[in-house]
Every structure is written in structure tokens, then in C-alpha cells.
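Here is the structure we will look at, set down as C-alpha cells.
Proteins come first, then strands; the chains are lettered A, B, ... in the order of their sequence lines, and each starts at number 1.
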Amino acid sequence: DQQVKQNSPSLSVQEGRISILNCDYTNSMFDYFLWYKKYPAEGPTFLISISSIKDKNEDGRFTVFLNKSAKHLSLHIVPSQPGDSAVYFCVGNAGNMLTFGGGTRLMVKP
Amino acid sequence: EPEVTQTPSHQVTQMGQEVILRCVPISNHLYFYWYRQILGQKVEFLVSFYNNEISEKSEIFDDQFSVERPDGSNFTLKIRSTKLEDSAMYFCASRTLGTDTQYFGPGTRLTVL
């Protein structure tokens, strides 16, 4: 079951540069998408979300883009900071259930 | 800032034993969830709970699992007879009315020996 797919298991970026995390989905019933980040030994922490009727949502350094025709999302972090180093999950919401992608481990190097 | 809490942080049990994982959702939230993450795998939905009853459950959530809100603050997940393959991180989440954003607890690591 690969309803939400994050094809890059890891990403390494220099501090101050842009981080772009990508996500593809197959379930057309998703009405809402979320990004969570997760540090080791902690639960997922909500980062930013986007409704399926929008194509962009911005919150400070974080911007999420949705291309519904391509069934593709991306999360942009700019500028990246070392504290952003974590696993990022792309998540689709349909019918009160969240479906997680496999995650991308982001490493921001000082 | 209000947060979801879970106890214990780590539970070790013998195969066949019953375990109860506990969660205290954020106080004004009305929807409650359990997810699990087996080591090296994706986070998977188990069950959602609203108005004192299950609203959705996945095929993972079989008769060995049950959920309960025994009082106004706790939300529990019971596994009646644990199996080795139940070893995982179990996350509780909650959300309030009018938003789709679920807030997660820190998780309970369940180890079945």
C-alpha cells in the first residue's frame, strides 16, 4: 500500500540553503495534507498543512506546494537551519484517518 | 502549550499477556486516535474514537485490540493477548472540532518477548 510515497529517504543540505522535500500520492480522496517532523524518541510534531483546494500555504520559513493534477506535494524550508534536522513525514487525510509516507531524513549541515 | 501525554514510555511484556497503553489527549479535544510504527516501517492508523465510540478502524485493529475512554481525561488502548509482531511504537493523537490537524503524543514503545 503506497498511497503516500516519499521517494527520497534522506536529504542533506547546507545551513542557509533551501531544503525541498517531495511527496507523491495516489489516493484522490485525500482532502487535506499535512507535514509532520519527528525527532528520535519523540512523536510526530505538526508542521504545516494544506487543503486540497489550495496550491500553496506558507508559514514562516516553511511553504507547502500542492500540484493536484500531478498528485504531488513539496515542502520548502528556507533558510534551512541545523535544528531542522529530523525525519519529515508527508501525510494525507481522508475520512478522519491519516496516511503517512515513509519519511525523509533531512540533515542540515552547519 | 497543551500536549498529548502517554504512559508508559516503554513497556516490556511476555507474549500472550495483556497490555494497556494510556494516553491523556489535549483537554478540549474531542477526537482520539491510535497509530503504530513497527521498526523500519511506516506509521499506520489503527483506530479513531469520537463520542465514546469507534468511528474508524483499520484491518490491523482486530479483536485483540480495544479502546476505551474510562474517564474524562484518559484514552486507553488494550491488547488482550500480545504477539511478537505487536512490538512497535504506539502513538496516541487527538484533535479538536473544526480542524483536521491531529496532535501526537511522544509514543509508547511496546516490546513483546
Side-chain angles (χ1 to χ4, degrees), chain A residues 1-10 21 23-27 29-54 57-59 62 64 66 73 75 86-105, chain B residues 1-10 21 23-26 29-51 53-61 67 88-109:
Chain A
D1 181 353
Q2 293 272 22
Q3 293 189 47
V4 180
K5 203 167 180 180
Q6 295 176 255
N7 286 316
S8 299
S10 65
L21 294 91
C23 173
D24 297 295
Y25 65 94
T26 56
N27 188 345
M29 301 303 292
F30 289 141
D31 57 3
Y32 200 77
F33 298 91
L34 308 94
W35 285 90
Y36 285 84
K37 76 175 184 183
K38 187 179 179 305
Y39 296 114
E42 294 184 13
T45 303
F46 170 71
L47 197 57
I48 192 169
S49 61
I50 187 167
S51 165
S52 61
I53 61 172
K54 303 220 168 156
N57 188 27
E58 192 171 349
D59 184 2
F62 303 92
V64 56
L66 173 62
L73 289 101
L75 173 68
V87 177
Y88 288 78
F89 291 104
C90 174
V91 182
N93 176 78
N96 204 28
M97 291 188 297
L98 298 184
T99 301
F100 280 71
T104 295
R105 181 177 301 279
Chain B
E1 186 175 321
E3 55 185 26
V4 177
T5 59
Q6 290 185 243
T7 54
S9 56
H10 191 188
L21 309 183
C23 168
V24 178
I26 295 173
H29 286 191
L30 300 175
Y31 298 84
F32 314 113
Y33 307 83
W34 285 101
Y35 292 80
R36 79 171 185 191
Q37 186 178 28
I38 294 170
L39 187 65
Q41 298 187 22
K42 290 184 177 184
V43 177
E44 302 172 289
F45 169 80
L46 292 178
V47 65
S48 61
F49 190 87
Y50 170 71
N51 201 25
E53 58 183 33
I54 291 173
S55 42
E56 301 276 356
K57 60 181 181 179
S58 71
E59 56 193 31
I60 303 168
F61 194 87
V67 288
M89 282 291 291
Y90 287 81
F91 296 106
C92 173
S94 69
R95 72 173 173 96
T96 189
L97 193 63
T99 175
D100 288 305
T101 302
Q102 296 180 24
Y103 293 89
F104 283 77
T108 293
R109 178 173 299 284

Proximal component of [X], with respect to chain A [non-hydrogen, under 4.5 Å]:
{"X": "B/R109", "value": "neither"}
{"X": "B/S9", "value": "neither"}
{"X": "B/Y35", "value": "side chain"}
{"X": "B/E56", "value": "side chain"}

Can you say whether the rings of A/F100 and B/F104 are parallel (under 30°), tilted (30 to 60°) or perpendicular (over 60°)?
->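 Judged by the thresholds at 30° and 60°, the geometry between A/F100 and B/F104 is perpendicular.
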
First locate atom CG of A/L34, then atom CG of A/N57, and finally report the distance between them rounded to the nearest 0.5 Å.
->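 Atom-to-atom, A/L34:CG and A/N57:CG are 10.5 Å apart.
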
Using non-hydrogen atoms and a 4.5 Å limit, figure out which bit of A/N96 sits close to chain B: side chain, backbone, both or neither.
->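 Interface part for A/N96: both.
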
Which answer fits A/L98, side chain, backbone, both or neither, if we ask what part of it has an atom under 4.5 Å from a heavy atom of chain B?
-> both

Do any of residues 36-46 of chain A come closer than 4.5 Å to chain B, heavy atom to heavy atom, and if so which ones, in number order?
->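 At a heavy-atom separation under 4.5 Å, chain B is reached by A/Y36, A/K38, A/A41, A/E42, A/G43, A/P44, A/F46.
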
Using every non-hydrogen atom in the two residues, find where [X] and [Y] come nearest and quote the distance to one decimal.
{"X": "B/H29", "Y": "B/T96", "answer": "CD2-CB, 3.5 Å"}
{"X": "B/P106", "Y": "B/Q6", "answer": "N-OE1, 3.7 Å"}
{"X": "A/F33", "Y": "A/G92", "answer": "CD2-CA, 4.0 Å"}
{"X": "A/C23", "Y": "A/V4", "answer": "SG-CG1, 3.6 Å"}
{"X": "B/F91", "Y": "B/Q37", "answer": "CE1-OE1, 4.0 Å"}

So do the side chains of B/F45 and A/T99 get within less than 4.5 Å of each other, counting heavy atoms only?
-> no

Exercise: do A/Y32 and A/S49 side chains pair donor with acceptor under 3.5 Å |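 Yes, because at least one side-chain N or O of A/Y32 sits under 3.5 Å from a partner of the opposite role on A/S49.
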
With a 4.5 Å cut-off on heavy-atom pairs, point out which of B/V47, B/V4, B/V43 contacts chain A the most.
-> B/V43

